[in-house]
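The analysis underlying the following values was restricted to heavy atoms, covering all of them including side chains, and did not include hydrogens, waters or symmetry mates. Residue numbers start at 1 and run along the sequence shown.
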Amino acid sequence: MCRWIWCPLLLPLLLLLVMTEVEAQVENRVIFLPGTFQNVSVSQNETVQAIVSRIPPEVAFITVQFHTQHHNATLSYTRVPDLGLSLTAVDAGLLSALQPGQSALSMFLSSLDGDPVAGTGVILPYTSTDPVPGACNTEFNLDIDPNVYIHYNLYETTIRFAPANLGYERGEDPPACDESIEPNTRWRLQYDIYQYFLPENDLSERSLFRSIQDVADVRGMTLNGKRVMTLFSTDKSTAVFNSIPGQGVIYSVVVRDPLQHTSASYVPVHTYACSFASTLDGCQTLGKISTKVFFTIIGLAGLFVCFFGHRFFKIELFCMGFSFAAFFFFVLITRTTQLQYDICLALSAVIGVVGGVLLVMSWWRFGSVMACIVVVGLMLGFLLASIILFTPLGDLDVFRRSDAVFWVTFCCIMVIVPLFFVRWPREGNIITCGVVGAYAVVLAINAYISTSLSYITLNILKRFLNNNFTAMFTDVPFQTIDYAMITVWVVLGVGGIVLQLYRERSRPFFPPSPYLMWLQERERRKTNVLDPSHHFPSLPNRILARARQLTKRSESAGEHTPLLL
């Protein structure tokens with residue numbers, strides 16, 4: 001009897017619980033349409049079900065991508081992530097081969113760290129003739145891994161990916177990966193490596209998501225990205241690039257089937273070559289105070305040298321000697337010690353001051369203008385060689401595969417420049433003041449607003465400090481700020497050169513050595529008896545006379561003889 005009394009009361013309660021559960025599942029469900037981007041927010045300790053519907057029957061497999069800016073998200077085949085069935089990354093992707101008659105599937109998004117995650121996702125469909133990205137994976141955890149894995153440090157950014165396989169119909173077994181290397185196997189596939197730069201100095205999430213949407217598929221990447229290299233199936237599936245801290249870059253791989261004339265895209269991956277979580281030298285706080293102070297002083301000195309370097313020859317020599325010695329010893333200290341960056345920079349600055357003083361003193365003592373001009377010419381040669389190898393010429397295979405060829409070419413360009421100074425010493429010195437001084441101003445501006453022109457010399461410094469830098473691509477973005485800085489560089493350089501050539505046109509080529517002038521003046525005083533300075537006592541005699549005056553008792557000026565009566 002009691003049972004029949006409680007049943008009507010329990011039925012509405014059970015119905016309420018079921019409705020609540022259904023409503024929660026609906027709230028944690030996102031519907032994706034193939035080829036359409038969808039923004040998704042994953043709350044704390046929440047799992048979102050990504051449902052793909054309306055899959056056409058001609059689609060043989062699909063890739064699911066989900067991208068965040070810097071928080072890891074977990075994309076998995078099952079509600080509970082498991083090893084081999086899920087991937088945790090800021091750029092995560094999974095590939096699903098479809099069965100006959102299948103028109104929908106679901107995957108799951110969650111936050112491994114328990115923090116809220118917001119990102120954008122997309123579903124890309126492919127047919128049976130398209131190659132399958134990552135289907136011949138033997139290195140990573142997933143059975144089929146369409147992801148590009150990225151690793152960066154201060155010098156280089158490395159990407160890796162798993163080889164692809166040929167496409168196949170729904171329900172069929174995939175072709176064997178390594179049974180043979182015949183043209184009808186996956187060994188005919190080719191891999192195009194693409195690079196896409198985000199807007200400079202833009203670390204916003206909106207800019208990243210907009211760029212991801214532009215290059216997520218094959219068509220978008222081929223239109224907007226830059227193809228930097230092509231790998232064959234016999235090559236190692238890895239590529240190395242130059243790290244640019246604070247600059248957003250998206251890398252992607254497009255696998256092509258030259259026989260079927262089809263292609264498929266791996267999941268694009270992005271990096272800023274810096275950490276958003278670090279409170280020191282993070283992406284938001286790039287640029288140490290010591291670096292800003294150092295390059296601000298360098299920029300002010302460069303501005304002075306650009307317009308007045310030849311007129312104030314001693315200051316110019318000090319600046320050139322400082323730059324030469326500071327650069328050389330920074331490389332030496334960094335390669336041979338484990339000192340912190342600020343200490344290395346301070347020691348390099350101190351040694352640079354010593355180098356500048358030594359160069360000035362060598363001119364002051366020996367009066368050899370040509371010896372000093374050679375050092376000045378080497379500075380211009382260094383900058384000119386850096387500019388030439390900063391162009392796409394520096395990414396030629398002959399320079400990337402051989403460190404010796406690169407340095408021989410660099411040194412030849414660097415040494416040729418001072419040879420022109422032998423014939424035109426004053427003009428060469430003024431040109432050096434204008435070009436190098438204006439570039440120092442650009443470096444000072446770069447300490448506050450990041451520009452790509454700093455990598456003209458920074459790439460050379462990285463090659464000095466990193467033994468494996470030769471193999472990487474050194475592409476950097478050229479955007480509006482870079483063209484503005486080129487204009488500043490050209491205007492300052494040309495203005496300084498023209499001004500100094502006009503002002504120095506009627507003056508002696510170089511000022512005489514102060515020490516040689518002093519020797520000539522001393523010799524003139526010895527031989528010219530009519531010169532009043534000839535009778536002027538020497539410095540030791542003047543010091544001795546002064547000492548005697550201090551020790552001798554002074555006598556009064558009164559009368560000392562007895563009075564006459």
Side-chain angles (χ1 to χ4, degrees), residues 290-328 330 345-346 348-364 369 372-384 386-387 417-418 421 424-449 451 453-454 456-457 484-514:
S290 57
T291 303
K292 293 182 178 180
V293 172
F294 180 82
F295 280 103
T296 300
I297 297 174
I298 291 293
L300 294 175
L303 187 64
F304 181 86
V305 169
C306 179
F307 290 96
F308 306 101
H310 189 77
R311 180 71 177 273
F312 299 92
F313 192 59
K314 290 188 289 292
I315 297 179
E316 177 204 341
L317 288 182
F318 175 82
C319 293
M320 296 298 176
F322 175 89
S323 303
F324 190 87
F327 184 89
F328 177 79
F330 182 83
L345 192 63
S348 301
V350 171
I351 297 174
V353 171
V354 175
V357 171
L358 289 178
L359 185 60
V360 173
M361 292 302 296
S362 64
W363 169 75
W364 186 91
V369 173
C372 299
I373 289 300
V374 168
V375 177
V376 175
L378 288 176
M379 292 294 299
L380 181 61
F382 176 87
L383 184 57
L384 181 61
S386 302
I387 293 173
V417 174
F421 283 40
W424 300 283
R426 180 175 65 178
E427 290 75 9
N429 185 61
I430 292 177
I431 291 174
T432 302
C433 290
V435 175
V436 176
Y439 183 70
V441 177
V442 173
L443 290 180
I445 298 175
N446 177 78
Y448 300 91
I449 303 175
T451 66
L453 296 186
S454 62
I456 292 176
T457 52
M485 295 311 302
I486 290 176
T487 304
V488 171
W489 188 4
V490 172
V491 170
L492 288 178
V494 173
I497 292 171
V498 172
L499 178 63
Q500 294 197 68
L501 287 175
Y502 176 79
R503 190 176 54 231
E504 302 296 326
R505 69 189 186 281
S506 59
R507 294 177 178 271
F509 275 22
F510 290 94
S513 168

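Of all the heavy atoms in G302 and A440, the pair that sits closest is CA-CB, 3.9 Å. Here the closest heavy-atom approach between residue G355 and residue A325 is recorded as CA-CB, 3.9 Å. Of all heavy-atom pairs spanning V417 and G381, the tightest one is CG2-CA, 3.6 Å. In this structure, A447 and K292 approach most closely via the heavy-atom pair O-CE, 3.5 Å. L317 and W363 get closest at one heavy-atom pair: CD1-CB, 3.8 Å. A pairwise comparison of heavy atoms in S323 and M379 identifies CB-CE, 3.6 Å as the closest pair.
Under the 4.5 Å side-chain criterion, counting only non-hydrogen atoms from C-beta, V436 is not in contact with V305. With contacts defined as side-chain heavy-atom distances shorter than 4.5 Å, the pair I351/F328 does not qualify.
Evaluation of the side chain to side chain contact (heavy atoms under 4.5 Å, CB included) rule for M485 yields V442, I445, T451, L453, I481 as partners, not counting sequence neighbours. With sequence neighbours left out, S454 forms a side chain to side chain contact (heavy atoms under 4.5 Å, CB included) with L443, N446.
To the nearest 0.5 Å, the span separating CD1 on I298 from CG on L303 amounts to 13.0 Å. Atoms CG and OG1, from L383 and T432 in turn, are 9.5 Å apart once rounded to the nearest 0.5 Å. Separating the CZ atom in R311 from the CG atom in L499 is a distance of 10.5 Å, to the nearest 0.5 Å. Between the CG atom in L384 and the CG atom in L378 there is a gap of 12.5 Å [rounded to 0.5 Å]. Note that CD1 of I387 and CZ of F382 are 10.5 Å apart. Values are rounded to the nearest 0.5 Å. Atoms CD1 and CZ, on I430 and F307 in that order, are 13.5 Å from each other to the nearest 0.5 Å.
Between the R426 side chain and the E504 main chain, a donor and an acceptor come within less than 3.5 Å of each other. Side-chain atoms of Q500 come within 3.5 Å of backbone atoms of H310 as a donor-acceptor pair (strictly under, hydrogens ignored). When atom types are taken as modelled, the side chain of W489 and the backbone of V441 share no donor-acceptor pair closer than 3.5 angstrom.
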F318 and L359: CA distance, side-chain angles, deciding distance, side chain to side chain contact (heavy atoms under 4.5 Å, CB included) verdict
CA-CA 7 Å; F318 175 82; L359 185 60; over 6 Å; no
Take F421 and L380 through the side chain to side chain contact (heavy atoms under 4.5 Å, CB included) test and state the conclusion after the steps.
CA-CA 11 Å; F421 283 40; L380 181 61; 3.9 Å; yes
What's the verdict on side chain to side chain contact (heavy atoms under 4.5 Å, CB included) for I456 and Y439, showing C-alpha distance, side-chain angles and the deciding distance?
CA-CA 10 Å; I456 292 176; Y439 183 70; 3.7 Å; yes
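Taking the six-membered ring for Trp and thresholds of 30 and 60 degrees, F312 and F304 have ring planes inclined between 30 and 60 degrees apart.
Annotation for L358: atom CG counts as buried by contact number, over 12 foreign heavy atoms lying within 6.0 Å. In F324, the CZ atom is not crowded: 12 or fewer heavy atoms of neighbouring residues, nucleotides or ligands sit closer than 6.0 Å.
Results of the side-chain contact (heavy atoms from CB on, under 4.5 Å) test with S348 over F322, F294, F330 single out F330 as the only residue that passes.
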